[in-house]
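Reckoned from all heavy atoms, side chains included, excluding hydrogens, waters and symmetry mates.
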Amino acid sequence: QVQLVESGGGSVQAGGSLRLSCVASVATNSNDLLAWFRQAPGKEREGVAAIYTGRSVGGSDEYYADSVKGRFTISRDKAKNTVYLQMNDLKPEDTAMYYCASGRGRWYLARNYNYWGQGTQVTVSS
């Protein structure tokens, strides 16, 4: 059982930045994905970014939705069992509840994730 706790959400103006954090209760397997999803009212949950430590020592793979490439950066601190999402140049369309998740498989499919955090709200005003 993995518990995930997100933090760092808030309200910012367009062009601003936020950094989300997600702490896992236990270390995840190197083949597991740690991802950020978001869900806006009336919309489906969508993958934002994901990361896992590849099989090679020090290797890692990162994945991003096209809508956030160049603006968001996902990273992880294995020693702290923590994954981060640095969000820059935020836009009103980034407004959503952001969830941290752990799973395997195609990173952008919510059904591939077994564990989810409770979410943290991000609101971007124009």
Side-chain angles (χ1 to χ4, degrees):
Q1 188 83 12
V2 179
Q3 292 183 327
L4 303 170
V5 180
E6 305 98 332
S7 62
S11 297
V12 296
Q13 290 190 330
S17 298
L18 285 173
R19 188 195 195 201
L20 306 184
S21 299
C22 172
V23 181
S25 58
V26 296
T28 55
N29 187 283
S30 62
N31 292 326
D32 287 343
L33 284 162
L34 287 174
W36 289 97
F37 280 75
R38 66 186 180 187
Q39 188 167 20
K43 294 188 177 182
E44 292 187 357
R45 191 168 296 192
E46 63 171 348
V48 176
I51 188 170
Y52 76 93
T53 301
R55 294 173 177 82
S56 60
V57 175
S60 65
D61 286 332
E62 302 170 17
Y63 307 91
Y64 297 94
D66 288 343
S67 59
V68 305
K69 282 181 180 177
R71 300 188 299 122
F72 291 10
T73 302
I74 190 170
S75 61
R76 66 183 294 176
D77 185 330
K78 290 189 68 176
K80 296 181 178 179
N81 295 335
T82 301
V83 62
Y84 305 97
L85 185 68
Q86 178 66 44
M87 305 186 295
N88 298 328
D89 189 24
L90 282 161
K91 303 176 180 181
E93 51 264 42
D94 294 318
T95 295
M97 184 72 77
Y98 283 71
Y99 298 91
C100 178
S102 175
R104 296 187 178 189
R106 294 182 181 179
W107 75 270
Y108 50 87
L109 294 177
R111 66 172 183 261
N112 288 341
Y113 293 82
N114 298 322
Y115 302 104
W116 293 84
Q118 82 288 349
T120 185
Q121 178 67 37
V122 172
T123 302
V124 184
S125 58
S126 57

Which heavy atom of S102 sits nearest a heavy atom of L34, and at what distance? CB-CD2, 3.9 Å

Among residues at least two apart in sequence or on other chains, which ones pass salt bridge (Lys or Arg N to Asp or Glu O under 4.0 Å) with R45? none

Set of residues satisfying salt bridge (Lys or Arg N to Asp or Glu O under 4.0 Å) with respect to K69, sequence neighbours excluded: D66

Note: L20 and V122 closest approach over all heavy atoms is CD2-CG2, 4.1 Å

Look only at the side chain of T82 and the backbone of V23, and say whether a donor-acceptor pair between them is shorter than 3.5 Å. no

Evaluation steps, side chain to side chain contact (heavy atoms under 4.5 Å, CB included), between M87 and D94: CA-CA 10 Å; M87 305 186 295; D94 294 318; over 6 Å; no

Using the test side-chain hydrogen bond (donor to acceptor under 3.5 Å, both in side chains), find all partners of R19 that sit at least two apart in sequence or belong to another chain. none

Residues at least two apart in sequence or cross-chain that pass side-chain hydrogen bond (donor to acceptor under 3.5 Å, both in side chains) with Y84, listed by chain then number, are none

What heavy-atom pair brings L85 and A49 nearest, and what distance separates the two atoms? CD1-CB, 4.1 Å

Pairs satisfying salt bridge (charged side-chain N to carboxylate O under 4.0 Å, His left out), at least one member in residues 96-109, at least two apart: D32-R104

For Y98, give me all partners under ring pair (Phe, Tyr, Trp, His ring centres under 6.0 Å), at least two apart in sequence or on another chain. none

Do E93 and V124 come within less than 4.5 Å of each other through their side chains, counting heavy atoms only? no

Sequence neighbours left out, what pairs pass disulfide (SG to SG under 2.5 Å) with at least one residue falling in residues 63-92? none

Cluster overlap L109 with W116, hydrophobic side-chain contacts below 4.5 Å: yes

Sequence-distant partners of E46, salt bridge (Lys or Arg N to Asp or Glu O under 4.0 Å), two or more places apart: R38

Answer whether the closest heavy-atom distance between the side chains of F37 and Q39 falls below 4.5 Å. no

Ring-plane angle category for Y63 and Y52, please: parallel below 30°, perpendicular beyond 60°, tilted otherwise. parallel

Taking all atoms of both residues into account, what is the closest heavy-atom pair of S126 and P92, and its distance? CB-CG, 3.9 Å

A65 versus G47, closest heavy-atom pair with distance: CB-O, 3.4 Å

By side-chain hydrogen bond (donor to acceptor under 3.5 Å, both in side chains), which residues pair with K91, not counting sequence neighbours? none

Pairing residues for N88 by the side-chain hydrogen bond (donor to acceptor under 3.5 Å, both in side chains) criterion, not counting sequence neighbours: S17, Q86

Do any N or O atoms from the side chain of Y113 and from the backbone of W107 form a donor-acceptor pair under 3.5 angstrom? yes

Any idea which heavy atoms bring I51 and S75 closest together, and the distance? CD1-CA, 4.0 Å

For V26, what are the other residues in its hydrophobic cluster, where any two members join if their side-chain heavy atoms are less than 4.5 angstrom apart? V2, L4, Y115

Assess the residue pair L90 and F72 against the criterion (side chain to side chain contact (heavy atoms under 4.5 Å, CB included)); give the C-alpha distance rounded to whole Å, side-chain angles, the decisive distance to 0.1 Å, and a yes or no. CA-CA 9 Å; L90 282 161; F72 291 10; 3.8 Å; yes

Write out all pairs satisfying side-chain hydrogen bond (donor to acceptor under 3.5 Å, both in side chains) with one or both partners inside residues 3-14, taking only residues at least two apart or from two chains. E6-Q118

